[in-house]
Every structure is written in structure tokens, then in C-alpha cells.
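Lettering of chains follows the sequences in order, A, B, ..., and the numbering in each one begins at 1. What's counted below: heavy atoms across the whole structure, side chains too, no hydrogens, waters or symmetry copies.
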Amino acid sequence: MAKEITSRSEDYSQWYLDIVKKAGLADNSAVRGCMVIKPYGFAIWEKIRDQLDLMFKQTGHVNAYFPLLIPKSFLSKEAEHVDGFAKECAVVTHHRLMNDPNGTGVIVDPDAKLEEELIIRPTSETIIWNTYKDWIQSYRDLPLLINQWANVMRWEMRTRPFLRTSEFLWQEGHTAHSTKKEAIAESRLIHDLYAEFAEEFMAMPVIKGSKSANERFAGAVDTYTIEAMMQDGKALQAGTSHFLGQNFAKAFEVKFLNEGNKEEFVWATSWGVSTRLVGALIMTHSDDDGLVLPPKLAPIQVVIIPIPKPNGVLMEEANLIKKELEAKGISVKIDSDKKNRPGFKFAEYEMLGFPVRIGLGARDLERNEVEVARRDTKEKVNVSRNEIASYVENLLAEIQVNLFEKAKQFRADNTSSASDMEEFERILNEKGGFIEAHWDGTTETELKIKEQTKATIRCIPLDAKEEEGKCVFSGKKSMRKVIFAKAY
RNA sequence: CGGGAUGUAGCUCAGCUCGGUAGAGUGCACGUCUGGGGGGCGUGAAGUCGCAGGUUCAAAUCCUGUCAUCCCGACCA
């Protein structure tokens, strides 16, 4: 069975699709633009979800659930918000089907038209703020720190598994505060939390920055983003946290009485990451042999493959090793399936991205050692049997660090700076990656650069140093460089 | 919604020009020899040829219509 995948150099896009398919992460579905997340893909999402959920709770947030359907009229209450999402909403217009009187099959019952049409949430700000209005009366009700894990739907033209699907899973946090300062602090806190998660757990380096007006969330005052670089040099927005000001509070009349018994509008934030992170994980670390997963997010960290012989001693030994590893909190699978040969299994678990593989055969038993292979570098070493648990424990930590350092180096190697448009376009065409350049701060310039080069401003880095320069496009004065790139 | 292509076994595809009993590889099932990097041999199950009409003694093949999917553009986490 030749389960080969297209190489990255040949066709990066096809390589990605091959990984998703052959590592068993997702399938296409009967519905255009939607995907079926298969058990292994979902297991990765569960690792992501569980860790983030823990981090949200550690910072004082609680979970709740709001409905899938939103009255159409809610969307239009915030002017920019409706502009941003109206074009991609699925709309529920009827509530009943009937048998087609003219033939077989069912049709929509024309008598079952809804009085007010409902939309399937593309995001939940509107229904949530409509609800918060009833929950908030006093400054004593604040802050309100709520998150929900949910699915949302945006009717996309072109989709790719995990990176962009019409329906996707995500978390969306929606918080209400009594002061502007506190709301900004909340949006920054989550921004930091996302960056920490990306780097510590996904081993994916990110640039923290704010979005330009043009790239900002519809209805936000400020959008903070974490931007990552994929292996083809394109940028991926991996998570966003928005300071919403009082926009939604005003649209939905969410007011509270402050300590001085005066009525004020509340200050708001919202923030989210989605199943897109699974796509980010794939495109950050994986190689031409398949998926590569950081140990902290691998559904199972170690696979033990017994090299079969007609006795049960190998299985006994494999189980002993498994117990020793599990005692250190390491997740382990023994593949004793007789259907496939060892060589097949080696390739298979590389495809699945298991960080560590242990080969155990008669030869090893005699020598009192095992063969340990790491997925990230493909190195194999023989390890003494009685040191196996601590060796693997250290190795997993080392792999986690190595993946992060490698990705960081890649980003550094593919980040350039440009001082005029000729240089800008040359870098973009020949090398790609991130381009640091001065920008005059106007939407007009941003759009012209986008039109001319297809590169957009990914973010204005928070740690950008103040340095006077000239806008790469207009030549006007600029005080800091921003990050340009082609983006997913 | 514009431009291009494709629908035949679970998957990848051949067959169509020139009409005549539905094919291959892979996967699947069973048996067997194997087993330290994607095994060998044998046997077997599996397809309303996207759908609907038409031409014909006869249609996967020719004609008309229709549906769906994929790729390229406009939109986007």
C-alpha cells in the first residue's frame, strides 16, 4: 500500500489536503463547504479545547451556551457588524416540510413561513448582548466574564479543511466591564493568553499585534491578533481578541448604574479561536512524511510496536513499559495488531504524527534495550531498558522545544524588510514570507498595496519600536513598521 | 456569479474517437508463507457507468436536457 503524499515543494496546497486525508483528520461531507471532523482530528481539537478551557477558567471565566439561531433583526442593530457579516449568513425562513403533492420527495411548506426570519449565527455578539441587557443592572453585576464553545456558520465561497469551512467549531468569549480601562485590559489579557497557548502548547511562534482599521473585526474599536507564519511563507491569523468599546452596549442598550447612581453604557470585549488552529498546527510542523505534532497536543504521545515473534514475552514487556511511561503522565498506545507488518506501522505512525515510537523485538529483549525513534528529526537510538521512562520523558520535552525553535528560525529566515515598492514586490514574488515596512497609516494606501500585490497588513506589532521612516507606498512620514504578507 | 474541466467498484482511473456480455490498480474478506522501514502467493465479494429523455435490433460509448463536484477569479477566522 503506497500511502504517499504530495511533497511540499511540488504542491503545498495538495500536500496539506493529503495530510488532512491520510492522517485521518477530516473528510469532505455531503454538504458543500462543510467537513466531517474524524476521531483523530477531533482528538487534537479536544486537546486544544481542554487546555484553553483550563486557561480561561484560571483567569476567572465561566462557560455558558447561547442559541444557534438569531433573529434577523438583531444583526442590523450594530451598523458595522451587519456590514461585515450580512453577505455570508445562512437564513432560516420556514419551519416545516411537506410531501410534494406533484410527486415524490418533500418540499418546503409554503404555509410555514416564519414571521421573522432567523439567521444561523456567524458569531454571537448580537444575541449575547441582547441577553446581557437583562443580566446587567448595576456595577455589582460586572464584570461579566463568559465564554461559550459552539459552532458557527459563515457561507464561504471557497473552503479548505480546518482553515476555512462554512461551519466551524470555536470558542467565543464575551465580557462586559464597567470601565474602558478594564475592558481593554481584558482584551489584552486574552491576547496574551492566546499567544502563550500558541507558543507553549502548539510550539507555534506568533507575532502579537493590532489590526489596521481595514482588517478589524466588524464592530470592534480595536482588534488584537496573533499571526503565525506557515511553511509556505503565508500568514495565518490564529486568534483574535477585540475591544468593542461601547458599540454593542449602545446598539442593545446595555446600561448599568455606577457607584454614583449614574447610568452608563458597559464596555465590552469578545475573543475567539477556532478549529482553524488544527490547520495551523499541520502547516507549522508537518513534513513530507505526514503529520508532526507537538507532544503537548498529541492525542497519544508514544506508540510501542512489538516486532512479532511467536511468544507472549514481547507483549508482557510492552505492557510493562507502557505502565512505566503512564506513571510519568505520558500517553501510550501499544500496536499489537497482527494485520500489518512493522514496516507498515512505522510509516503509519509517522503519518499520524506520534512524537515518539518505541520498537521492541527479540533482539532488544536479549540486549535489554529498546529502539526509540523521534518523529521531529527521525533519529533512532537504542536506550537501555531500565532508563526508558526517564529517557522518553526528557525526549518529549526536547521535541516540544525543538519544534518551537525550528518554527521560530523558519520565521526569522523568511522575514524581510522593504523600503520601496520595487523591493517590496521583488521580495514578495521571489521569497514570500513576512515583510516589515513603513506604512502611512491610511486605509487608502493599505488597499492600494493589496490591489497591487495581494499582500495585506497582517498586524501592527505591539512591540514595534518607534523609528521614523517613509511609507513604502506613499513616501509619507511613518513612525513604525508594520507586517505585510499574503494571508490565508 | 464569470472562465475551464470532470462524473464508470470504497478510492485513483482506463474503456467512449469507430455502439455489440463492465475493466485495471489499490483497498476490502478468507487462507497461507512471513515479520527490525509501506511484503509474497492463492481464492473471493464488490459497479442503477451522475440523473432524465431521445436515436438504435443494441448505448458507459452518439444526441438533448439536467444535477453535482473540482480548479481559476470576486468574499473571508
Side-chain angles (χ1 to χ4, degrees), chain A residues 1-6 11 13-14 17-18 21-22 27-33 83-89 103-104 122-123 151-160 162-172 194 211 214-218 220 223-228 235-242 270-280 289-290 305-311 314 335-352 357-367 369-373 378 380 382 450-451 454 456 458 486-488:
Chain A
M1 111 168 224
K3 222 181 177 184
E4 277 151 28
I5 57 180
T6 308
D11 185 345
S13 182
Q14 190 58 46
L17 292 172
D18 285 352
K21 184 149 203 167
K22 303 227 164 117
D27 263 346
N28 290 325
S29 74
V31 182
R32 180 193 173 83
D83 274 355
F85 287 106
K87 289 171 299 227
E88 47 187 11
C89 285
T104 55
T123 179
N151 57 342
V152 288
M153 174 159 272
R154 300 177 188 176
W155 210 265
E156 298 290 350
M157 302 279 190
R158 292 190 62 193
T159 59
R160 306 183 73 191
F162 294 109
L163 296 177
R164 174 165 298 106
T165 45
S166 285
E167 181 191 12
F168 56 93
L169 306 182
W170 76 346
Q171 58 71 213
E172 45 180 326
Y194 284 161
K211 285 290 189 186
N214 185 52
E215 297 278 332
R216 203 176 283 153
F217 175 74
T223 288
Y224 299 106
T225 178
I226 54 171
E227 296 284 327
L236 185 83
Q237 178 175 308
T240 49
S241 178
H242 316 290
S270 71
W271 28 274
V273 298
S274 71
T275 35
R276 170 177 258 201
L277 289 181
V278 177
D289 294 317
I305 300 178
I307 314 296
K309 276 280 170 183
N311 65 54
L314 274 180
D335 187 348
S336 56
D337 191 343
K338 291 197 175 74
K339 199 183 101 180
N340 296 313
R341 296 155 49 100
F344 178 93
K345 292 178 183 175
F346 294 169
E348 187 69 7
Y349 288 100
E350 277 163 15
M351 181 68 75
L352 295 174
R357 181 185 76 233
I358 295 176
L360 183 64
R363 232 157 56 197
D364 305 297
L365 281 185
E366 281 166 26
R367 295 181 198 151
E369 54 185 30
V370 296
E371 183 190 81
V372 177
K378 297 285 201 58
K380 290 191 276 200
N382 291 316
K450 182 179 178 183
E451 196 182 327
K454 292 191 175 165
T456 51
R458 299 323 304 154
K486 288 185 185 168
Y488 275 100

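Across the protein-nucleic acid pair, Lys339(A) atom NZ and G38(B) atom P stand 17 Å apart, rounded to whole Å. In this structure, Asn340(A) atom CG and U34(B) atom P are separated by 19 Å, rounded to whole Å. Across the protein-nucleic acid pair, Trp155(A) atom CH2 and C1(B) atom P stand 14 Å apart, rounded to whole Å. Rounded to whole angstrom, the span from the CD atom of Glu350(A) across to the C1' atom of G37(B) amounts to 8 Å. Lys380(A) has its NZ atom 8 Å from the C1' atom of G36(B), to the nearest Å. One interatomic measurement links the two molecules: NZ of Lys87(A) to P of C75(B), which rounds to 9 Å at whole-angstrom precision. Rounding to whole angstrom units, CD of residue Glu348(A) and P of G37(B) are separated by 16 Å. Rounded to a whole Å, the NZ atom of Lys22(A) is 12 Å from the C1' atom of G38(B).
Comparing Gln237(A) and Leu17(A) along RNA chain B, the residue whose closest nucleotide (by nearest heavy atom) sits nearer the 5' end is Leu17(A). Residue order along RNA chain B, read from the 5' end via each residue's closest nucleotide, puts Lys21(A) first among Lys21(A) and Leu360(A).
Distance check on atom P: A14(B) versus G53(B) gives 28 Å, rounded to whole Å. Spacing of P atoms, C75(B) relative to A29(B), comes out at 48 Å, to the nearest Å. G23(B) sits 12 Å from C49(B) when the C1' atoms are compared, rounded to a whole Å. Across the C1' atoms, A22(B) and A59(B) are found 13 Å apart, a figure rounded to whole Å. C57(B) and G2(B) have their P atoms separated by 41 Å, with the value rounded to a whole Å. Between the P atoms of C16(B) and A60(B), the separation comes to 14 Å (whole Å). Using atom P as the reference point in both C11(B) and G54(B), the two lie 30 Å apart (nearest Å). Here the separation of A45(B) from G73(B), taken at their P atoms, is 47 Å to the nearest Å.
Residue Met157(A) places its side chain closer to A74(B) than to any other of G38(B), A74(B), G35(B). Side-chain proximity of Pro342(A) to the nucleotides G38(B), A74(B), G35(B) is greatest for G35(B). For Arg341(A), whose side chain is taken as the heavy atoms from C-beta onward, the closest listed nucleotide among G35(B), A74(B), G37(B) is G35(B).
Pairing of U32(B), defined by two Watson-Crick or G-U wobble distances under 3.5 Å, is identified with G40(B). For A5(B), the paired base is U69(B) (Watson-Crick or G-U wobble, both distances below 3.5 Å). With a cut-off of 3.5 Å on both Watson-Crick or G-U wobble distances, the partner of G47(B) is given as none. With a cut-off of 3.5 Å on both Watson-Crick or G-U wobble distances, the partner of C75(B) is given as none. Nucleotide U61(B) has no partner under the Watson-Crick or G-U criteria, as no pair reaches both atom distances under 3.5 Å. With both pairing distances under 3.5 Å, U26(B) is matched to G10(B) as a Watson-Crick or G-U wobble pair. The partner of C18(B) is absent, by the rule that a Watson-Crick or G-U pair needs both atom distances under 3.5 Å.
Thr165(A) comes within 4.0 angstrom of a base, heavy atoms only. Using a 4.0 Å heavy-atom distance criterion, Phe168(A) is classed as a base contact. Nucleic acid contact class of Leu163(A) (heavy atoms, under 4.0 Å, all strands): base. Counting non-hydrogen atoms under 4.0 angstrom, Lys338(A) reaches a base of the nucleic acid. Among the heavy atoms of the strands, none lies under 4.0 Å from Arg160(A).
Contact between Trp170(A) and Thr123(A) at its shortest, heavy atoms only, is CH2-OG1, 3.5 Å. Listed here is the closest heavy atom pair of Thr165(A) and Glu156(A): O-CG, 4.1 Å.
Using a 4.5 Å heavy-atom cutoff, the side chains of Tyr488(A) and Gln237(A) are not in contact.
Counting only distance, with no hydrogens or angles, the side chain of Lys345(A) and the backbone of Asp337(A) share a donor-acceptor pair below 3.5 Å. Put simply, the side chain of Tyr224(A) never gets that close to the backbone of Gly239(A): no donor and acceptor are under 3.5 Å apart.
A salt bridge links Glu227(A) to Lys211(A): at least one charged side-chain nitrogen sits closer than 4.0 Å to a carboxylate oxygen.
Ring geometry for Phe217(A) versus His242(A): interplanar angle under 30°, hence parallel rather than tilted (30 to 60°).
OP1 or OP2 of G36(B) has not a single side-chain nitrogen or oxygen of Arg363(A) nearer than 4.0 Å.
The distance from the CG atom of Asn151(A) to the OG atom of Ser166(A) is 12.5 Å, given to the nearest 0.5 Å.
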